[in-house]
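Reckoned from all heavy atoms, side chains included, excluding hydrogens, waters and symmetry mates. Every chain is numbered from 1, with letters handed out A, B, ... down the list of sequences. Note that the structure is a prediction, hence the values are computed from the model and not measured.
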There are 2 protein chains.
Amino acid sequence: MTDDIVASVVRQWHAVNPELDTGPMELIGRINRCAALLQQAEDAPLRAAGLTRAEFDLLGAMRRNDRELTPGELARETFSSGAAVTKRLRALQESGLIGRRSDVRDRRVAHVGLTDEGRELVDRLLPEQLAYERSVLSGLDEETRDGLSGRLSALLLHLEGRLGGSRR
Amino acid sequence: MTDDIVASVVRQWHAVNPELDTGPMELIGRINRCAALLQQAEDAPLRAAGLTRAEFDLLGAMRRNDRELTPGELARETFSSGAAVTKRLRALQESGLIGRRSDVRDRRVAHVGLTDEGRELVDRLLPEQLAYERSVLSGLDEETRDGLSGRLSALLLHLEGRLGGSRR
DNA sequence: AGCAGGTATTACACCTGTAAAACATTTCTG
DNA sequence: CAGAAATGTTTTACAGGTGTAATACCTGCT
């Protein structure tokens, strides 16, 4: 049985200070490290299409909601700041992937939607992306994968309740 | 049984395209989202001490290794670029938390170590940080927590083998 | 009309990584 | 053995992305 990075780090801490209760590290440290490795891997196929992960998230949010969204909704949907969304929308519009029109009744708000080209890109890219992710996870036995999904869902619900997650 | 964010997103995708095999999302999406929420929470107590998470990681690496490290080693230890480490070291040195001396035999390399003040800060902050993390996780039943740690360790080993993790 | 509140954008400061540069050492070669 | 080339370590320069806060604009109510 070989150690992962987090186990090595925890062992180092114990050697230096045996009093330390490193329990939370073993969970939080591993989540952070897995997320970092996965994100790094995930980004590769998107870069090939000239997109940032954040931009792809924006396109995906529009595609799966299947309607026009306002920049504010998109910011909430993708958990990022309004300013970041503004900037990304400009880039996506210049690439011809999205279009925008302003609301007739309330001229503060804009409605943003995928162009045909944008929708085609998402519909082509997402299956590729999912296949790639599947390949990264392949080799992990099924019990581990399913056990993780279920327990992460419980953790996520716990965190959403305890921290910021105001949604719907 | 209520849905987490990822489950809602997956449901939206299925409504729009039932063909999609969203399996990987349920794992990867949850890891990313948990990591985002946890990092946001984690940063709060550190900010109170005037430190970035990344800076604290640097201090922690020095403390737990219990010896002077070179900037290059610190970059590998904290998984960040050399340039980022250089910049953070300068800030930490200006705060009086670390000191540096250059190697006698090979004047390319520098050795960086905690000052007394730096060590005291880590020794005071880390238990606080761990207690805070414990409080964030409290309420999660033990089986879920342990099940997660073990399975995440398996995933982490898998990813380290498959992606970049060249260590030791 | 004026004001309170909501929406989007702009301005600014900061952090990060890639690539190039600066500097030091080791190795090769004539 | 000297000097050049290759290698290694750190720092600097630059470009890009992000969030906070300030700004511009709009609506709806009093």
**OP:** Classify the nucleic acid contact of A:Ala84 as base, sugar-phosphate or nothing, counting any heavy atom under 4.0 Å across all strands shown.
**Re:** sugar-phosphate
Original post:
Does a donor on one side chain and an acceptor on the other come within less than 3.5 Å for B:Ser149 and B:Asp146?
Top reply: no
Original post:
Sequence neighbours excluded, which residues qualify as side chain to side chain contact (heavy atoms under 4.5 Å, CB included) partners of B:Asp116?
Top reply: B:Glu120
Original post:
Does CD belonging to A:Glu142 count more than 12 external heavy atoms closer than 6.0 Å?
Top reply: no
Original post:
Looking at CZ of B:Arg119 and CE of B:Met62, how far apart are the two atoms once the value is rounded to the nearest 0.5 Å?
Top reply: 11.0 Å
Subject >> Nucleotide C:dT16, atom P - distance to CD of A:Gln40 in whole Å >> reply: 15 Å
Subject >> salt_bridge(B:Arg100, B:Glu68) N-O dist < 4.0 Å >> reply: no
Original post:
So if you build clusters from Ile, Leu, Val, Met, Phe, Trp, Tyr with side-chain heavy-atom gaps below 4.5 Å, do B:Leu69 and B:Val85 land together?
Top reply: yes
**OP:** On DNA chain D, reading 5' to 3', which nucleotide is the first and which the last to sit with an atom under 4.0 Å from a heavy atom of chain A, could you check?
**Re:** D:dG17 to D:dT27
**OP:** Would you mind telling me which residue lines up with the more 5' stretch of DNA chain D, A:Val85 or A:Arg107, judged by nearest nucleotide?
**Re:** A:Val85
Original post:
Contacts to DNA chain C from residues 45-62 of chain A, heavy-atom cutoff under 4.0 Å, which residues?
Top reply: none
Side-chain donor-acceptor pairs of residues 87-99 of chain A under 3.5 Å, sequence neighbours excluded:
from    : atom 1 : to      : atom 2 : distance (Å)
A:Arg88 : NH2    : A:Ser80 : OG     : 2.7
A:Ser95 : OG     : A:Ala91 : O      : 3.0

Original post:
If you measure from the Lys or Arg side-chain nitrogens to the Asp or Glu carboxylate oxygens, is any gap between A:Asp123 and A:Arg63 under 4.0 Å?
Top reply: yes
**OP:** Send over the distance from B:Phe79 CZ to C:dT16 P, rounded to a whole Å.
**Re:** 16 Å
What nitrogen or oxygen pairs link the protein and nucleotides 2-8 of chain C at under 3.5 Å?
from  : atom 1 : to       : atom 2 : distance (Å)
C:dG5 : N2     : A:Arg108 : NH1    : 3.0
C:dG6 : N3     : A:Arg108 : NH1    : 3.2
C:dA8 : OP2    : A:Gly72  : N      : 2.8

**OP:** Working to the nearest 0.5 Å, report the span between CD of A:Glu26 and CZ of A:Arg30.
**Re:** 5.0 Å
Which donor-acceptor pairs under 3.5 Å do side chains of residues 44-60 of chain A form with protein atoms, sequence neighbours excluded?
from    : atom 1 : to      : atom 2 : distance (Å)
A:Thr52 : OG1    : A:Glu55 : OE1    : 3.4
A:Arg53 : NE     : A:Asp57 : OD1    : 3.4
A:Arg53 : NH1    : A:Glu42 : OE2    : 3.0
A:Arg53 : NH2    : A:Asp57 : OD1    : 3.4
A:Glu55 : OE1    : A:Thr52 : N      : 2.9

**OP:** Supply the atom-to-atom distance A:Arg151 CZ to B:Cys34 SG, rounded to the nearest 0.5 angstrom.
**Re:** 13.5 Å
Original post:
Expressed in angstrom and rounded to an integer, what is the separation of B:Asp103 atom CG from C:dT25 atom P?
Top reply: 9 Å
